[in-house]
Number of protein chains: 2
Amino acid sequence: MLSFTEENYLKALVELTVFEAESEEVGVNRLAHCLDVKPATVSDMVRKLKDKELVHYEKYGKISLTSEGRFKGMMVIRRHRLWETFLSSKLDFSWDEVHEIAEELEHVHSEKLINRLDEFLDFPEFDPHGDAIPNKLGEILLPSRKTLAEVEVGKSCRIIAVRDQVEVLQYMDRIELCINQEVTIAHREEFDGLTTITHGNQSSVVSPKLTENIFVVCSVCSKAKCTCDV
Amino acid sequence: MLSFTEENYLKALVELTVFEAESEEVGVNRLAHCLDVKPATVSDMVRKLKDKELVHYEKYGKISLTSEGRFKGMMVIRRHRLWETFLSSKLDFSWDEVHEIAEELEHVHSEKLINRLDEFLDFPEFDPHGDAIPNKLGEILLPSRKTLAEVEVGKSCRIIAVRDQVEVLQYMDRIELCINQEVTIAHREEFDGLTTITHGNQSSVVSPKLTENIFVVCSVCSKAKCTCDV
DNA sequence: TATAAAAGTTAGATTAGTCTAACAATTTTT
DNA sequence: AAAAATTGTTAGACTAATCTAACTTTTATA
């Protein structure tokens with residue numbers, strides 16, 4: 001069984017090589033910075049992970065995950081995101097409180113537990129930050145996140161997450177827009193992308209800067225890429 | 001913040017000094033046996049816990065908890081039992097599966113998490129093994145417990161709890177004995193304490209090792225110390 | 001391309017938690 | 001009360017994960 005620390009190294013490597021924007025190669029320094037330890041520490045640990053066949057590595061070279069390492073790292077992320085979803089949807093934690101607690105919960109190992117939790121939460125696709133949740137095989141539907149900016153005029157959707165920025169939340173508060181709310185796209189201006197939405201009894205005009213930071217699913221089928229015709 | 005290990009020492013001390021049958025005094029050997037480490041290890045660790053003012057201790061003396069140590073140990077048990085309840089009532093785990101998983105979950109520290117969980121579960125009084133759950137102040141309504149080993153021949157009782165050991169639970173499963181079941185003492189052998197019980201349509205011969213780990217109440221008045229004449 | 005900068009490695013130290021083996025104190029038994 | 005048994009302590013060693021400081025390799029740049 002992997003230690004807390006080993007799991008954190010694998011998780012960081014998945015984040016850097018799978019999720020990070022334009023996945024550059026990962027060296028000792030970058031991983032050290034990401035884990036907030038010194039490069040010397042990473043140098044040692046990477047050797048240990050190589051012995052366990054969790055990473056590919058040669059002295060002075062780049063670090064990459066073996067398929068076993070990738071799977072194990074993916075499982076840590078799966079656990080993290082499922083627990084975040086649980087905290088948010090069942091225990092009413094706000095989106096900015098869940099991360100820290102999930103950092104501890106993600107290291108509880110029982111596979112049966114996490115699959116039961118997945119079921120209990122009704123197999124969610126996204127965590128409260130809008131990040132996709134890997135399935136039990138470690139697969140992730142990467143491109144399926146959809147923002148409010150992508151919803152077609154006339155269609156309705158439900159807000160499921162918001163990109164992790166305080167300003168976005170505060171702005172949303174001001175125009176009385178919140179998580180789980182249903183929103184309809186009334187109009188979208190071709191010229192500058194300004195969008196008129198209706199939500200509750202009100203309607204608001206919002207900019208792409210906002211809509212690109214709001215993640216939604218179809219209000220009928222609750223999927224990001226739905227085939228409903230609403 | 002306490003480490004995993006320190007929390008386990010405090011938990012064991014609460015179990016030995018608060019919950020255990022006739023709370024004898026606790027020495028290094030007994031604690032070592034309970035934690036499955038060597039006495040030398042406990043000797044060192046107890047000195048460390050004393051420095052942190054979590055236990056009272058003098059060389060070659062007995063170990064006892066300070067009020068802070070007792071509170072912190074009680075919180076570990078509170079977390080353990082609340083998670084067991086969650087696993088059992090929300091995720092459909094059976095009573096003999098929950099202990100092992102809760103051993104990991106009990107070390108997740110957020111106080112807010114555990115209080116929200118308590119609320120989510122509707123403030124349960126007992127965990128799936130029938131043990132009382134300490135409240136957020138570390139208080140517990142200690143039921144006056146009686147074991148199956150203490151019930152007189154000819155009398156009937158009802159099982160309300162089982163000491164928290166996987167082997168006990170698994171053994172009980174095998175002989176089809178479960179919580180809330182009514183049991184009658186048919187016979188008890190003076191020589192070795194082997195007891196013949198009837199439960200449902202069957203009868204079983206069980207050892208003191210088992211009966212001492214099963215808690216019961218009178219099947220008539222539902223009290224551990226009853227005055228009924230059954 | 002030579003040199004400076006950046007990246008990476010190694011050696012040696014530290015802390016937490018554990019062990020074994022030898023020794024010391026306390027308690028029980030004869 | 002002396003001997004035996006039990007209980008507890010200490011010293012020294014080990015592993016995992018970290019650090020600092022000195023050194024080496026690779027990369028970038030003047």
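By convention in this document, chain letters (A, B, ...) are assigned in the order of the sequence lines, proteins followed by strands, and residues within each chain are numbered from 1. FYI, side chains are in, hydrogens and waters are out, and symmetry mates aren't considered; it's all heavy atoms of this structure.
- In this structure, the NE2 atom of B:H33 is 16 Å from the P atom of C:dT18, given to the nearest Å.
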Show me, pair by pair, the donor-acceptor contacts under 3.5 angstrom made by side chains of residues 55-62 of chain A, not counting sequence neighbours?
residue	atom	partner	partner atom	Å
A:E58	OE2	A:K50	NZ	2.9

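- Distance, B:D51 CG to C:dT15 P: 14 Å, rounded to whole Å.
- Atom pair B:M45:CE and C:dT15:C1' shows a separation of 12 Å (rounding to whole Å applied).
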Pairs: protein N or O with nucleotides 21-28 of chain C N or O, under 3.5 Å:
residue	atom	partner	partner atom	Å
C:dA25	O4'	B:Y60	OH	3.3

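- Distance from the side chain of A:P39 is smallest to C:dT9 among C:dT9, D:dT9, D:dT10.
- Screening B:E7, B:E106, B:E103, B:E111 for a salt bridge (charged side-chain N to carboxylate O under 4.0 Å, His left out) involving B:R79 leaves a single residue, B:E7.
- The phosphate of C:dT10 has OP1 or OP2 within less than 4.0 Å of a side-chain N or O from A:R47.
- Rounded to an integer number of Å, the gap from A:D44 CG to D:dT15 P is 14 Å.
- Relative to the six-membered ring of B:Y171, B:K209 misses at least one condition, a distance below 6.0 Å or an angle of at most 45° to the axis.
- No contact: A:F4 has no heavy atom under 4.0 Å from any strand.
- Judged by the 6.0 Å and 45° rule, A:K90 forms a cation-pi pair with A:F120.
- Not counting sequence neighbours, A:E84 has no partner by the salt bridge (charged side-chain N to carboxylate O under 4.0 Å, His left out) test.
- Checking the phosphate oxygens (OP1, OP2) of D:dT18, no side-chain nitrogen or oxygen of A:T41 falls inside 4.0 Å.
- Within the cation-pi definition used here (under 6.0 Å to the ring centroid, within 45° of the axis), B:R81 qualifies as a partner of B:F19.
- For B:K38, the listed nucleotide lying nearest its side chain is C:dT20; candidates were C:dT9, C:dT18, C:dT20.
- For the pair B:T184/B:I197, no side-chain contact is recorded, criterion being any heavy-atom separation below 4.5 Å from C-beta on.
- Heavy-atom distances to DNA chain D give each of B:E58 and A:S3 a nearest nucleotide, and the one nearer the 5′ end belongs to B:E58.
- If you take CG of A:N29 and P of C:dA5, they are 17 Å apart, rounded to a whole angstrom.
- Between the CD atom of A:E7 and the C1' atom of D:dA16 there is a distance of 15 Å, given to the nearest Å.
- Atom-to-atom, CD of A:E6 to C1' of D:dA16 comes out at 9 Å; the value is rounded to the nearest Å.
- For the pair B:Y9 and C:dA16, the criterion of a side-chain N or O lying under 4.0 Å from OP1 or OP2 is not met.
- Atom pair A:L31:CG and C:dT9:P shows a separation of 12 Å (rounding to whole Å applied).
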